[in-house]
Structure formats: C-alpha cells, structure tokens
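Below is one structure, written out as structure tokens, with a few remarks after it.
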Amino acid sequence: MLDIKDLRDHIEQTAQRLATRGYSLNVAKLTALESTRKLLQVDAQTLQSTRNDLAKQIGQKKAKKENVDDLLAEASNINQALSDKESQLIQVQAELEKHYLDIPNLPHDSVPVGKSEEENVEIRRWGEPAQLAFGPKDHIDLGEGLGLMDFAAAAKISGSRFVVLRGQLARMQRALTQFMLDIHTKEHGYNEVYVPFLVNEKSLYGTGQLPKFREDQFSIAGDNALTLIPTAEVPVTNLVRDEIIEAQNLPLKFVAHTPCFRSEAGSYGKDTRGMIRNHQFEKVELVQIVKPQDAYTALEALTSHAETILQRLKLPYRVMALCTGDMGFSSAKTYDLEVWLPSQNQYREISSCSCFEAFQARRMQARWRNPETKKPEPVHTLNGSGLAVGRTLVAVIENYQDSEGRIHVPEALQPYMDGVKIIQ
RNA sequence: GGAGAGGUGGCCGAGUGGUUGAAGGCGCACGACUGGAACUCGUGUAUACGCUAAACCCGUAUCGAGGGUUCGAAUCCCUCCCUCUCCGCCA
C-alpha cells in the first residue's frame, strides 16, 4: 500500500509514476471518493462527539434522579442521523480500501523505465558459459537418463508440473539446501527460521499476494481458509506484522528453507516440461527488515548474498535490473539473477531480489520506533531467493554434465554429499 | 474428538453498564537529591484515523475479532478466532 497522505497530496505525480509500470490510476474517481470520505467522516465524528456528550449528561442527571426525557429524545435523533452517516462512511471507506490495495508500488528512481522484460537492463555478468563440445542435454534427458528424475511417477501421484527425485538427485537437492543455509547463516549473518507453510488471509494481504493474485495460490478447503505459501516471503515477512520494533534491533535478517506452492495459473504452455516451473518447489529465502535509510544498501547486500551461492557453485550468471513494466506488484526495485542453462543456450531466472520500501510494512502495520521522531514509522522490507533450490539443481545438472550424460558434483557441494564426485 | 478455564496497555494486574483510554504495580524516559551511583521523590510513558502546510491542541475509534441490546458497553447477549489445563488419539 502506498502512503495515503502522500497519494492524496501528489496524486498527479503518483499517477505518472505508476503509468511507467503500466498501471493507470483512476485519479478522478479517487479524488471524488476521498472528498466524499472526508465530509462523511467529519460529520460522523461530530455526531459521535455529540452523542458521547449527551450520554454523559444523561448519566450525571440520572445519578441525581433528575428527569432526562428530553435528552433521551435528542440522543435518539442523533443516533438515527449517525447510523445513516456511518453506513455511508463504511461503504466509501471500503471502496477506497479496495482501490488502495489494488495500486502497485512506486518504482524507485533508479529503475529503468520499460514495458516488458525486453527492456530489463543487464548490470553485470559472472563466469563464462562452458563451451561444451558435445550437444548439451537438458536436465530432463539427463535426469531421466540417470533414472533419478521421474515425471511419470509424479504425474501418476499428483499430475503435471510435479517431479519425483530419486537417489543422488534427491540427495543433491537436499545438499544444495543445506549448503545455502550454511552460507547465509554462517557467513552472511542471517537467522534461520522455520515457519508455517499454511498461512491465513491476513498474511497474504500483508505481503501483497492478496487481493489481486488469488488465482496464483493454492488454498485448502474448509471453514478456516488457509493457503499454501507461494514463497517463504509470506510467513517470514509477516513475523513483524503488527509489531513495533526498537531501533537497536534492526536490521532483522532471516533465512528460511520452505517448499513453495504455485498454481501457475496463466502460465499454460510455458516450461511445461521439467523442473523449471512446477506447482511445488524448494526455496531458500532471504528476508531483511531494515530502517528506511538502509534499504538500498541492504538490497545490494542481499543480492550479493544470493550471488555468492552461484559463485561458490561456479555457475555462470548475470544480474538484471528489472524495468518498471516487469517488476512485481509490491516491489520498488528488483534485481533478478539469471543462471546459464546450456540446453536453452540462455540465462534463466533463478533468484529475484526486491526492495519493497514501506509498501508491505504499511499493509502489515510493521513499524519501528524512530529515535529522532520517537514515533512509530513503517519499516522497509526486502527479500530475495537465495536461491530457488529446484532451479539450482537444474542449473547444476545441465552445467556439470559430461558427454556421457553423467553429472559432476560441484566441488563446494561434495562435502554435503559424502564426497560423491560424479552421479552416474 | 471429549471436558473445563481464559483472552484488558511493553509486562503483571484491577475493573459486571455511566465523566474508564482504562486504578495499582513493574519496566522505561526525563528531572531532583548525590562527588558519582544505588535508594528515595517528582513528572511523563499506547496505537490508528481525522483536523492541520506541519506540529501542538482538539475530535473519533480501539480492553482477542465481528455483530447485537442500550441514551451510554471492557462490563450484558450472539457468532467466530486464539491460548491454556486434563482425558483420548497421534508423527
């Protein structure tokens, strides 16, 4: 959610900035609703104030056994007028709220303006894609060839867009997870957290998945609607929902390993084969809660933390600054890490690192006490994949294949696999 | 699943319809006392929204959430959520 006061005061500029990301703000409608709201709210509060006064007087007079019939009559009139105003106000406020929750975040000034991913800007590259003398296979052929990746079994059990991993590949996925967690906790100062994988609606509103993206989520049936997390961002960031954090406790740095569940609505036909786009995948997620002035330093740091994993695994990648038109709903600035996939002869997203500024914090009422103002102010939130484990497994499989279809285990990973050097 | 108890400010805790946003205590902040500190004393100490250029002031709302009764609800009624205890079941 944007800062409402700021939005009211600079609605035209805000509309222009939102336009760069393809969102058209209904200025006339919002302005009209706001002025209606203002009138109704002032009226309603005045009436409430009068009613409170009357009630007090009635109480005092009754205590003295005086007659209060005239006051009662007056109070009754007020209440009628009040309930009328209140119902109007509630309606207008609900409508405003609906609009506000629908507005995406403002892009940071440094974000390149563009319409689609075509206009994302490459920031830097690391590593050289290996020139494989043989025709590189994709992870599906390799995995199935080894008998360790089984999409048929997954389809039988659940359906398309799932995978069964066996033996050393299942082991390697676990190894990757441990490897990532160790680096982030031991070298980058993150606190590991274990969190629920099923969350309530409030949490999803907090981080911005709702109300707009309901169809992307898996929800479970029942009276008490819970949703499978699409990313650990949801439960981890919501740790600070409705909290006021003392300045000395910032920044908070969390790392969590969780499965992620995505319905992949609207992605029919994209990456339907293999492990790139599944309904269920593993991810190690980094989350930071910081003071506003530290947000963009933190974004650079967090991005570099994710990069470390790729570097240790010696996987070639590039860092992309997403353009205004390609950024996620809640983000003010996003870097994507894209890893080299030989089979596709291109870089593919493996991590997304974003700064949300106060956008999520306002939705969540996550605040810190600013020592300068002594007032609670929204914190800034960030997160990034560090990394998507399933896609990392794909990248390792494809980049470390040899001409015989075997997978060499990256050196950094060998200690996590009892020294196994080759999967065959 | 069965039976019971309970949810009040940062924490503890009083409060069963009327100047209660809420006694008292703890904690915290500031001040006085002191050479300095402890002790002691004094003062202050919720959040959101509205009003405002902004701040103060002021107003409104909030005692788990929502609804109801009433001139007036932390207090009465209904629904839901959550926590705890015992039993059962169980990774």
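A, B, ... follow the sequence lines: proteins, then strands. Residue 1 opens every chain. Just so it is clear, the structure is predicted and the values come from calculations on it, not from any experiment.
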Remember a base hit wins even if backbone is also touched, and classify [X] as base, sugar-phosphate or nothing at under 4.0 Å, heavy atoms.
X	answer
Ala75(A)	sugar-phosphate
Ile58(A)	base
Leu71(A)	nothing

I need the [atom1]-[atom2] distance between [X] and [N], as an integer number of Å.
X	N	atom1	atom2	answer
Gln80(A)	U70(B)	CD	P	13 Å
Glu377(A)	A48(B)	CD	C1'	15 Å
Glu243(A)	A46(B)	CD	C1'	14 Å
Leu54(A)	C71(B)	CG	C1'	8 Å
Asn200(A)	C81(B)	CG	P	13 Å
Ile244(A)	U47(B)	CD1	C1'	7 Å
Leu89(A)	C49(B)	CG	P	15 Å
Glu246(A)	C11(B)	CD	P	13 Å

(request) Quick one, give me the B/S/- string for nucleotides 50-66 of chain B, reading 5' to 3', where B means a protein heavy atom under 4.0 Å from the base and S means that only happens at the primed atoms, P, OP1 or OP2. (result) SSB---S--BSS-----
side-chain contact (heavy atoms from CB on, under 4.5 Å) involving [X] - partner list, sequence neighbours excluded:
X	value
Thr185(A)	Glu192(A), Val255(A)
Glu338(A)	Arg318(A), Met320(A), Tyr347(A)
Ile4(A)	Met1(A), Arg8(A), Glu34(A), Tyr100(A)
Ser343(A)	Asp138(A), Glu398(A)

For [N] and [M], measure between their [atom1] atoms and round to the nearest Å.
N	M	atom1	answer
G2(B)	G59(B)	P	50 Å
G24(B)	U34(B)	C1'	30 Å
G9(B)	A14(B)	C1'	13 Å
G4(B)	C78(B)	P	16 Å

(message) Applying side-chain hydrogen bond (donor to acceptor under 3.5 Å, both in side chains) as the test, list every pair that has at least one member in residues 201-210 of chain A; sequence neighbours left out.
(response)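 Found Asn200(A)-Ser203(A), Glu201(A)-Arg214(A), Ser203(A)-Arg241(A), Thr207(A)-Gln209(A).
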(request) Would you mind listing every side-chain hydrogen bond (donor to acceptor under 3.5 Å, both in side chains) that reaches into residues 12-26 of chain A, with sequence neighbours excluded? (result)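 Listed once each, the pairs are Tyr23(A)-Asp102(A).
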(request) Determine which bases of RNA chain B form Watson-Crick or G-U wobble pairs with both distances under 3.5 Å, and write the result as a 5' to 3' dot-bracket string with | for other-strand partners. (result) ((((((((.[[[..)..(.....]]]((((((.......))))))(((((.......))))).[[[[[..)....]]]]])))))))....
(message) In the structure I gave you, are the side-chain heavy atoms of Tyr416(A) and Arg174(A) within less than 4.5 Å of one another anywhere?
(response)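 The answer is no, as the side chains (C-beta and beyond) never meet within the 4.5 Å cut-off.
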(message) Can you work out whether Ile90(A) or Gly59(A) has the more 5'-proximal nearest nucleotide on RNA chain B?
(response)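 First, find each residue's nearest nucleotide; the 5'-ward one identifies Gly59(A).
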(request) Assign each of Gln93(A) and Asn79(A) to its nearest nucleotide of RNA chain B by heavy atoms, then name whichever residue's nucleotide is nearer the 5' end. (result) Gln93(A)
Donor-acceptor list for residues 142-170 of chain A side chains, cut-off 3.5 Å, not counting sequence neighbours:
{"residue": "Asp150(A)", "atom": "OD1", "partner": "Ala152(A)", "partner atom": "N", "Å": "3.2"}
{"residue": "Asp150(A)", "atom": "OD1", "partner": "Ala153(A)", "partner atom": "N", "Å": "2.8"}
{"residue": "Asp150(A)", "atom": "OD2", "partner": "Arg166(A)", "partner atom": "NH2", "Å": "2.7"}
{"residue": "Arg161(A)", "atom": "NH1", "partner": "Lys270(A)", "partner atom": "O", "Å": "3.3"}
{"residue": "Arg161(A)", "atom": "NH1", "partner": "Arg277(A)", "partner atom": "O", "Å": "3.1"}
{"residue": "Arg161(A)", "atom": "NH2", "partner": "Ser267(A)", "partner atom": "O", "Å": "2.9"}

(message) Restricting to salt bridge (Lys or Arg N to Asp or Glu O under 4.0 Å), what partner residues turn up for Lys85(A), sequence neighbours left out?
(response) Asp43(A)
(request) Could I get the full list of salt bridge (Lys or Arg N to Asp or Glu O under 4.0 Å) partners for Asp141(A), not counting sequence neighbours? (result)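 With neighbours one apart ignored, the set is empty.
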(message) U47(B), OP1 or OP2 - any side-chain N/O from Arg369(A) closer than 4.0 Å?
(response)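 True: Arg369(A) side-chain N/O within range (under 4.0 Å) of U47(B) OP1/OP2.
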(message) Determine whether a donor-acceptor pair (N or O, by modelled atom type, separation under 3.5 Å) exists between the side chain of Gln217(A) and the backbone of Phe213(A).
(response)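 Looks like yes, one N/O pair under 3.5 Å.
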(message) A quick test of your reading: do over 12 heavy atoms of other residues, nucleotides or ligands sit less than 6.0 Å from CD of Gln91(A)?
(response)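 Open.
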(request) Check RNA chain B against residues 60-69 of chain A and give the residues with a non-hydrogen atom under 4.0 Å, in numerical order. (result)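 By residue number: Gln60(A), Lys62(A).
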